[in-house]
**Student:** 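Sharing a structure, written as structure tokens. Questions coming.
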Number of protein chains: 2
Amino acid sequence: MAIVTAKAGPKLQSVQRLPAYLGILRGMLAEGREFVSTSHLAEVLKLPAIVIRKDLQMTGITGTPRVGFDLRFLVAAIEQFLGWNNTKDVFLVGVRGFGEALLAFDGFGTAGMDVVAGFDRQPELFPGGVRGKPVFPIARLGELARRMHIAIAILTVPDTDAQETADVLVTAGIRAIWDFTTPRLCLPDDVIVQKAGLISELAVLSKRLRERGLTATAEEGNSI
Amino acid sequence: MAIVTAKAGPKLQSVQRLPAYLGILRGMLAEGREFVSTSHLAEVLKLPAIVIRKDLQMTGITGTPRVGFDLRFLVAAIEQFLGWNNTKDVFLVGVRGFGEALLAFDGFGTAGMDVVAGFDRQPELFPGGVRGKPVFPIARLGELARRMHIAIAILTVPDTDAQETADVLVTAGIRAIWDFTTPRLCLPDDVIVQKAGLISELAVLSKRLRERGLTATAEEGNSI
DNA sequence: TAGATTGTTAATCGATTAACAATC
DNA sequence: TAGATTGTTAATCGATTAACAATC
């Protein structure tokens with residue numbers, strides 16, 4: 001009666017480390033550097049060199065002994081491996097609250113992602129859009145997704161609307177959802193649901209705090 | 001010459017799953033339920049029951065055969081294990097951009113965290129604060145942290161200011177940082193740095209998209 | 001009692017780490 | 001050539017999964 005969990009695909013941890021490599025490597029490239037060895041990268045990133053070598057292996061790139069990796073090729077290889085070489089336009093659904101911040105943020109460009117529009121049940125709350133990005137009623141999502149060939153959506157609606165909105169997204173042709181809501185969504189298997197892990201990170205942070213005895217309860221009467 | 005990575009502590013993955021359990025369990029509690037079995041939880045969460053049992057074991061709670069776990073005790077045990085039973089006040093540093101959204105967001109209460117104030121190099125940009133939360137110049141951080149006994153900060157400054165600002169935080173007595181910047185911070189060992197993984201999550205999402213052949217490049221002329 | 005569920009102990013699996021051969 | 005660095009193969013480690021005994 002065991003339930004099969006989503007299969008791992010390529011090593012999860014390795015994929016997660018790649019963006020950090022990419023950041024450093026892009027910086028080195030901008031500085032005009034041409035080659036880099038894993039031992040040097042290891043020193044900068046404070047990671048074991050063997051970890052980095054194994055991770056890079058995954059991208060299919062090959063270095064040259066005694067020289068290292070060609071920086072330009074290496075950056076290109078990682079970008080291609082992640083699909084960050086071409087920008088994907090995405091929609092953000094649920095602008096009130098956390099979504100507004102994400103919509104205003106434009107730091108996902110390095111990750112090949114451009115949030116081009118927001119959708120909300122009450123678009124009238126954002127008459128001029130958010131930082132130049134328009135906010136539409138959810139009813140228009142299907143039409144616009146088709147017209148703009150959008151396949152990815154960020155879901156930041158309130159938890160109570162999560163499943164219902166997700167269903168709308170799927171009907172509208174969305175194939176991948178970056179999900180910031182807490183409930184577990186029930187969607188067709190061919191739709192990719194990537195859970196955002198902010199709360200999980202807080203759990204880890206909290207645990208580490210407790211381990212060090214920093215359970216510092218907010219004390220009484222400490223108003224600003 | 002191997003570099004020692006931060007030791008794992010209690011099983012990382014297990015800790016990360018606890019918030020999901022807690023969400024469901026709190027809901028069940030609100031519905032008036034009194035007991036829950038891991039098999040039932042497993043069904044709801046679509047996870048193998050053995051995983052949940054092992055995870056719960058970590059919190060130290062004990063169930064009763066044939067009955068399951070006392071919901072009230074279970075919720076309390078998880079909250080205590082994570083330190084989410086008492087609210088911790090935190091500062092947010094770097095309000096422009098992504099930080100503003102986080103400051104406006106108040107969904108971390110369930111995780112025992114309350115963002116009480118923002119700090120920015122240009123506080124004058126936020127005359128009335130953000131959603132009622134005041135924004136101070138960074139120069140006042142030390143004074144206020146001491147007065148309010150704040151030990152945790154969320155770091156959302158631009159990458160270029162990250163290290164410098166982090167140093168200021170440590171001097172101000174901050175003992176734990178939830179770090180949304182990309183560079184690797186160099187700080188004393190006794191300061192907890194928890195990296196936010198948004199970009200890593202995007203890497204995983206991108207990879208999964210590519211695996212399914214959804215490399216959908218944004219096409220030409222698809223303006224809104 | 002009978003049977004469902006917990007808790008524990010063992011087995012499997014995968015990832016990380018180490019050792020070393022290949023190579024420029 | 002000599003030596004640094006890659007790439008590969010083996011060993012270790014830890015986490016997940018399975019099996020089963022304990023228990024209410």
Side-chain angles (χ1 to χ4, degrees), chain A residues 1-18 20-21 25 28 33-71 73-74 77-78 81 200 203-204 207, chain B residues 1-18 20-21 25 28 33-71 73-74 77-78 81 200 203-204 207:
Chain A
M1 209 61 56
I3 296 156
V4 178
T5 347
K7 63 172 181 308
K11 299 184 187 176
L12 191 64
Q13 318 254 47
S14 298
V15 173
Q16 291 178 330
R17 278 187 294 260
L18 288 181
Y21 303 167
L25 296 170
M28 289 176 172
R33 203 183 167 105
E34 292 195 30
F35 291 90
V36 66
S37 69
T38 51
S39 42
H40 179 65
L41 247 187
E43 212 172 304
V44 176
L45 285 157
K46 304 266 169 53
L47 279 175
I50 182 69
V51 169
I52 299 175
R53 271 225 298 290
K54 268 280 158 63
D55 288 349
L56 294 186
Q57 216 162 304
M58 186 177 55
T59 70
I61 195 163
T62 164
T64 54
R66 241 183 93 73
V67 179
F69 292 81
D70 182 301
L71 245 182
F73 286 166
L74 185 50
I78 298 177
F81 181 80
S200 290
V204 175
K207 197 70 204 46
Chain B
M1 208 61 57
I3 297 156
V4 179
T5 348
K7 63 172 182 308
K11 300 185 188 176
L12 190 63
Q13 319 253 48
S14 297
V15 173
Q16 290 178 331
R17 279 187 292 259
L18 288 182
Y21 303 167
L25 296 171
M28 289 177 173
R33 204 181 165 106
E34 293 196 28
F35 291 91
V36 66
S37 70
T38 51
S39 42
H40 180 64
L41 247 186
E43 212 171 306
V44 176
L45 285 157
K46 303 269 168 53
L47 279 175
I50 182 71
V51 168
I52 299 175
R53 270 227 298 288
K54 268 280 158 63
D55 288 348
L56 294 185
Q57 213 161 305
M58 185 178 56
T59 69
I61 195 162
T62 165
T64 54
R66 242 183 92 73
V67 179
F69 292 82
D70 183 301
L71 245 181
F73 287 166
L74 185 50
I78 297 177
F81 180 80
S200 290
V204 175
K207 196 71 202 49

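To find a chain, count down the sequence lines: A is the first, B the second, and so on, and within it residues start at 1.
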**Student:** Would you indicate whether the side-chain heavy atoms of A/Arg17 and A/Leu45 approach each other to under 4.5 Å?
**Tutor:**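 Heavy-atom side-chain distance check fails, nothing below 4.5 Å.
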
**Student:** Hey, are the side chains of A/Lys207 and B/Leu18 touching, using non-hydrogen atoms and a 4.5 Å cut-off?
**Tutor:**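 With C-beta onward as the side chain, the pair stays apart.
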
**Student:** By side chain to side chain contact (heavy atoms under 4.5 Å, CB included), which residues pair with B/Ser37, not counting sequence neighbours?
**Tutor:**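 Scan of B/Ser37 (side chain to side chain contact (heavy atoms under 4.5 Å, CB included), adjacent residues dropped) gives B/Ser39, B/His40.
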
**Student:** What is the distance, to the nearest angstrom, from the CG atom on B/Leu47 to the C1' atom on D/dT16?
**Tutor:**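 In whole Å, D/dT16 C1' lies 12 Å from B/Leu47 CG.
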
**Student:** Return the set of residues passing side chain to side chain contact (heavy atoms under 4.5 Å, CB included) with A/Gln57 (not counting sequence neighbours), or none when no residue passes.
**Tutor:**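 A/Gln57: side chain to side chain contact (heavy atoms under 4.5 Å, CB included) contacts with A/Lys54.
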
**Student:** For a 4.5 angstrom cut-off between non-hydrogen side-chain atoms, does B/Leu71 reach B/Phe35?
**Tutor:**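 Of all side-chain heavy-atom pairs linking B/Phe35 with B/Leu71, none is under 4.5 Å.
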
**Student:** Under the side chain to side chain contact (heavy atoms under 4.5 Å, CB included) rule, collect the residues that match up with A/Arg53, sequence neighbours excluded.
**Tutor:**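 Expected list: A/Thr38, A/Ile50.
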
**Student:** Show me the dot-bracket string of DNA chain C, counting Watson-Crick or G-U pairs under 3.5 Å, with | for pairs to another strand and [ ] for crossing ones.
**Tutor:** ..||||||||||||||||||||||

**Student:** Between the side chain of A/Ser200 and the main-chain N/O of B/Gln16, is any donor-acceptor distance below 3.5 Å?
**Tutor:**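 Yes; judged by distance alone, with no hydrogens or angles, the pair exists.
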
**Student:** Mind calculating the distance between NZ (B/Lys11) and P (C/dA15) to the nearest angstrom?
**Tutor:**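 Whole-Å distance recorded here is 17 Å.
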
**Student:** Using whole Å, what does the distance between atom C1' of nucleotide C/dA15 and atom CG of B/Leu12 come to?
**Tutor:**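 To the nearest whole Å, that distance equals 14 Å.
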
**Student:** Using residues 58-66 of chain B as the side-chain source, report each donor-acceptor pair under 3.5 Å to any protein atom, sequence neighbours left out, with the distance given to one decimal.
**Tutor:**
residue : atom : partner : partner atom : Å
B/Thr59 : OG1  : B/Leu56 : O            : 2.6
B/Thr59 : OG1  : B/Ile61 : N            : 3.4
B/Thr64 : OG1  : B/Gly68 : O            : 3.4

**Student:** Along nucleotides 3-11 of chain D, 5' to 3', which nucleotides get a B, which get an S, and which get a -, given that the test is a protein heavy-atom distance under 4.0 Å?
**Tutor:** BBBBBBB--

**Student:** Establish, with yes or no, whether the OP1 or OP2 oxygen of C/dT16 is under 4.0 angstrom from a side-chain nitrogen or oxygen of A/Gln13.
**Tutor:**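 Yes, A/Gln13 has a side-chain N/O under 4.0 Å of OP1/OP2 on C/dT16.
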
